[in-house]
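Input: a single structure, listed below in structure tokens.
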Amino acid sequence: MRTAQIRQQLHEYIESAEDKKLKALYTLLESEMTDEFTLTAAQKKELVRRYDDYMNGIGETYTREETVAMTEKALAQRKFK
């Protein structure tokens, strides 16, 4: 079943679902529906390390053009796999 079909069926189900089932479905999906994003302690530590490197002039940075070139190269290589 394609994603569009799944969405359509879920929309239809939600419109007619009993309150009890709707609440159960909401409870199941509630944590997935938040817009908040939380970093792990390891991710925060890595960001701080990279920021400190950048501020001390030792962090590796790229221009927009370099970033675009690297992205295009990676995409081109991926197409051939």
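Heads up: numbering here begins at 1 and tracks the sequence.
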With a 4.5 Å cut-off on side-chain heavy atoms, are D53 and R49 touching? yes

Could I get the full list of salt bridge (Lys or Arg N to Asp or Glu O under 4.0 Å) partners for D52, not counting sequence neighbours? none

Stepwise side-chain contact (heavy atoms from CB on, under 4.5 Å) check, K45 with V48: CA-CA 5 Å; K45 184 178 179 180; V48 168; 5.8 Å; no

Remaining members of the apolar cluster that contains I58, side-chain heavy atoms under 4.5 Å: none

Non-hydrogen side-chain atoms of T67 and R64 separated by less than 4.5 Å: no

Go through the structure and list residues passing side-chain hydrogen bond (donor to acceptor under 3.5 Å, both in side chains) with R50, not counting sequence neighbours. E46

Would you check if the side chain of Q77 reaches a backbone N or O of A74 as a donor-acceptor pair within less than 3.5 Å? no

Between E72 and A69 (side chain of the first, backbone of the second, donor and acceptor by atom type, cut-off under 3.5 Å), is there such a pair? no

In the hydrophobic clustering (ILVMFWY, side-chain contacts below 4.5 Å, transitive), which residues join V68, or is it alone? none

Can you list the residues that meet the side chain to side chain contact (heavy atoms under 4.5 Å, CB included) rule with I14, with sequence neighbours excluded? L22, L25

Can you name the residues that form a side chain to side chain contact (heavy atoms under 4.5 Å, CB included) with L28, not counting sequence neighbours? none

Just grab all the side-chain hydrogen bond (donor to acceptor under 3.5 Å, both in side chains) pairs involving residues 9-22, residues at least two apart or on different chains. Q8-E12

Output all residues satisfying side-chain hydrogen bond (donor to acceptor under 3.5 Å, both in side chains) with E65, sequence neighbours left out; order by chain, then residue number. none

Contacts of T61 meeting side-chain hydrogen bond (donor to acceptor under 3.5 Å, both in side chains) (sequence neighbours excluded), chain-then-number -> none

Which other residues end up in the same hydrophobic cluster as M55, if Ile, Leu, Val, Met, Phe, Trp and Tyr are linked when side-chain heavy atoms come under 4.5 Å apart? Y51, Y54

All side chain to side chain contact (heavy atoms under 4.5 Å, CB included) counterparts of E60, not counting sequence neighbours: Y62

Taken in chain and number order and not counting sequence neighbours, the residues that satisfy side chain to side chain contact (heavy atoms under 4.5 Å, CB included) with T38 are none

